[in-house]
Trainee: 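Below is a structure I'd like to ask you about.
First the proteins, then the strands, lettered A, B, ... as listed; each starts at 1.
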Amino acid sequence: MRLATWNVNSVKARLPRLLDWLAATKPDIVCLQETKCPAEAFPVAEVGALGYAAAAHGDGRWNGVALLSKVGLDEVTLSFPGEPGFAEMDGVGAARPEARAIGATCAGMRVWSLYAPNGRTVDSPHYLYKLDWFAALREALAAEMDMPLVACGDFNVAPTDADVWDPALFVGATHVTPAERAALAALRALGLHDVVPTPMKGPHPFTYWDYRAGMFHQNKGMRIDLVYASAEVAGRVRSAYVDREARKGRGPSDHAPIVVDFDPII
DNA sequence: ATGTCTCAGTGCCTGAGA
C-alpha cells in the first residue's frame, strides 16, 4: 500500500505535473492540500482516468484539500467536528470553517488530508486561530483513535529545530514556537506516530522550500508536511521518503510530496 | 533573506497570502 501527501499549491496550475507524478509514482491514496479550487471545479475526470476516486473540499481562491484513492473512499467528511473558522477579533462568534480538512475511510483506515492555518506572525489573530484549530483537531482525532488512522498534510509547524534550515533565523517566527510544537506533541500524545521520511539529499527531510532566493537549490527548507499515523499503521510502515525530484524543474509546487509504503491493514 | 508564485478583481496590472 502506498500513501502520499502533497501540498500542490493550486491543483489547476499543477494539474499536468500532478497527473504525470501520479502515473509515475502510483500511490493508492493521496492527500492533497492547497488545491485552491472550489469542490465543483476539482479535476475529478482527469484523476479518474488514472483510476482514482476523488473527494474535494474547497473555498475557491484559498485553502482547499482533497483525497484521491484507488482502494475505497467512503464516509467522506468535509471539515472535522468542532473545527473553528477564522473569526475576526471583533467580538463576533466563530466563523464557518475554512476548507482545511477532509477525511475518508480507505482500505480499513481513517485518512485525513489537513492544511493547518499558517499563523502569519505570533502577534496575529491568525496565530491564535492556528492554535485553536490544532486544539480542535486533537479532539476530533481523539474520537477516531479506536481505528487505524493516518493524518497527513501541511501542518505549518516544524517539529524540531532540525526541521528548519537555520533555527537562528526563525527566532520569534511562527512554525517553531513552543505553543505550536506543543500542539503537535498533543497529537502524538493521542498515540499518533510521526512517520519521518528519508530525504533524497542532505541530512534533513525538508518538504518545503520558499520559491524565492534560490532556497531550494541551497536546500534551505523546512519540514512542515507531516504524516501522523496510529500504531496500527505506523507499525506497518516499510519506507517513507520525500520526493524532492517533484520540487525540481519548471513550474513546481513549493512543497515536495511525501510517499509512504506500508503493509495494508486489510 | 523577502530574490517567486498563484488567484481574482480593481482586469492585461495589482494586492493579498504564503
Side-chain angles (χ1 to χ4, degrees), chain A residues 5-21 31-43 46 56-66 84-89 95-101 113-134 152-158 161 163-177 180 183 202 204 206-226 244-258:
Chain A
T5 182
W6 193 6
N7 178 323
V8 290
N9 187 17
S10 171
V11 72
K12 182 180 176 189
R14 215 67 57 213
L15 189 60
R17 285 186 69 123
L18 173 64
L19 296 175
D20 287 349
W21 185 84
C31 302
L32 300 175
Q33 302 88 35
E34 277 204 273
T35 55
K36 297 184 174 177
C37 173
E40 63 272 19
F42 192 85
E46 289 85 344
H57 186 21
D59 281 332
R61 181 178 185 181
W62 304 116
N63 314 312
V65 285
F86 177 70
E88 295 291 342
M89 298 292 110
R96 187 173 64 86
E98 299 176 304
R100 296 184 174 278
S113 178
L114 303 169
Y115 174 50
N118 175 285
R120 303 190 185 181
T121 58
V122 293
D123 58 355
S124 165
H126 290 268
Y127 177 74
L128 298 176
Y129 165 50
K130 182 178 191 175
L131 296 178
D132 286 346
W133 187 89
F134 272 112
C152 306
D154 179 356
F155 285 65
N156 268 319
V157 181
D161 279 351
D163 297 314
V164 295
W165 60 276
D166 184 350
L169 282 177
F170 283 83
V171 172
T174 59
H175 295 59
V176 300
T177 64
E180 289 165 282
H204 304 290
F206 296 146
T207 62
Y208 162 84
W209 300 261
D210 196 298
Y211 283 123
R212 294 171 285 191
M215 299 289 270
F216 176 68
H217 295 98
Q218 299 170 72
N219 200 27
K220 293 179 175 177
M222 304 172 75
R223 183 170 82 97
I224 55 176
D225 299 270
L226 305 174
R244 77 188 299 281
E245 293 298 312
R247 180 63 178 77
K248 294 181 177 178
R250 186 176 177 81
S253 170
D254 43 2
H255 294 250
I258 299 167

Trainee: What is the distance, to the nearest angstrom, from the CH2 atom on W165(A) to the P atom on dT2(B)?
Mentor: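 W165(A) atom CH2 is separated from dT2(B) atom P by 11 Å.
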
Trainee: Does a side-chain N or O from R14(A) land closer than 4.0 Å to OP1 or OP2 of dT6(B), or not?
Mentor: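 For dT6(B), OP1 or OP2 has a side-chain N or O of R14(A) closer than 4.0 Å.
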
Trainee: Side chains of F170(A) and M222(A), heavy atoms from C-beta outward: is any pair under 4.5 Å?
Mentor: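 Yes, at least one pair of side-chain atoms sits under 4.5 Å.
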
Trainee: For atom C1', what is the distance between dT14(B) and dA1(B), given to the nearest Å?
Mentor: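 These two C1' atoms come out 24 Å apart once rounded.
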
Trainee: Quantified in whole Å, what is the P atom distance between nucleotide dT6(B) and nucleotide dT10(B)?
Mentor: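 It comes out at 22 Å once rounded to the nearest Å.
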
Trainee: Could you work out which one of dT6(B), dT4(B), dA1(B) sits closest to the side chain of R212(A)?
Mentor: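 Closest nucleotide among those given: dT4(B).
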
Trainee: Which one, dA1(B), dT6(B), dT2(B), comes nearest to the side chain of L169(A)?
Mentor: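 Of dA1(B), dT6(B), dT2(B), dA1(B) is nearest to the side chain of L169(A).
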
Trainee: Check the phosphate of dC5(B) against S253(A), side-chain N and O only, distance under 4.0 Å to OP1 or OP2. Yes or no?
Mentor: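 For dC5(B), OP1/OP2 do not have a side-chain N/O of S253(A) under 4.0 Å.
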
Trainee: Roughly how many Å is it from CG in N7(A) to C1' in dT6(B), rounded to a whole number?
Mentor: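 Rounding to the nearest Å, CG of N7(A) and C1' of dT6(B) are 12 Å apart.
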
Trainee: For a 4.5 angstrom cut-off between non-hydrogen side-chain atoms, does H126(A) reach P117(A)?
Mentor: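 They are not in side-chain contact.
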
Trainee: Does a side chain donor of either K130(A) or N118(A) reach within less than 3.5 Å of an acceptor in the other side chain?
Mentor: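 Their side chains do not contain a donor-acceptor pair, so the 3.5 Å distance test is not met.
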
Trainee: Distance check needed: dT2(B) C1' versus Y211(A) OH, whole Å only.
Mentor: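 Y211(A) atom OH is separated from dT2(B) atom C1' by 16 Å.
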
Trainee: Of the options dG17(B), dA1(B), dG3(B), whose atoms approach the side-chain atoms of A213(A) most closely?
Mentor: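 Within the option list, the nearest is dG3(B).
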
Trainee: Return the minimal non-hydrogen interatomic distance between T177(A) and Y127(A), and the atom names on each side.
Mentor: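 Heavy atoms only, the tightest pair is OG1-OH, 2.8 Å.
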
Trainee: Just how far, in rounded Å, is C1' of dC5(B) from NZ of K36(A)?
Mentor: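 Nearest whole value for this atom pair: 7 Å.
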
Trainee: Send over the distance from R61(A) CZ to dC5(B) C1', rounded to a whole Å.
Mentor: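 Taking atom C1' of dC5(B) as the reference, CZ of R61(A) is at 13 Å.
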
Trainee: Take R120(A) and P38(A), find for each the nucleotide of DNA chain B with the closest heavy atom, and name the residue whose nucleotide sits nearer the 5' end.
Mentor: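 Per heavy-atom nearest nucleotide, the more 5' residue is P38(A).
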
Trainee: Nearest-Å distance, OH (Y208(A)) to C1' (dG17(B))?
Mentor: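 Atom OH in Y208(A) sits about 11 Å away from atom C1' in dG17(B).
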
Trainee: So which nucleotide from dT4(B), dT6(B), dG3(B) ends up closest to the side chain of S10(A)?
Mentor: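 Looking only at heavy atoms from C-beta outward on S10(A), the closest nucleotide is dT6(B).
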
Trainee: If each of G214(A) and Y115(A) is mapped to the nucleotide of DNA chain B with the nearest heavy atom, which maps nearer the 5' terminus, i.e. the 5' end?
Mentor: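 Its nearest nucleotide being more 5', the pick is G214(A).
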
Trainee: Could you give the CG-to-P distance, from D210(A) to dG17(B), as a whole number of Å?
Mentor: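 Distance, rounded to whole Å: 17 Å.
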
Trainee: Can you find a side-chain donor-acceptor pair between D163(A) and H204(A) that sits under 3.5 Å?
Mentor: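 H204(A) and D163(A) do not have a side-chain donor-acceptor pair below 3.5 Å.
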
Trainee: Please state the P separation for the pair dA8(B) and dG3(B) - nearest whole angstrom.
Mentor: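 To the nearest whole Å, 24 Å.
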
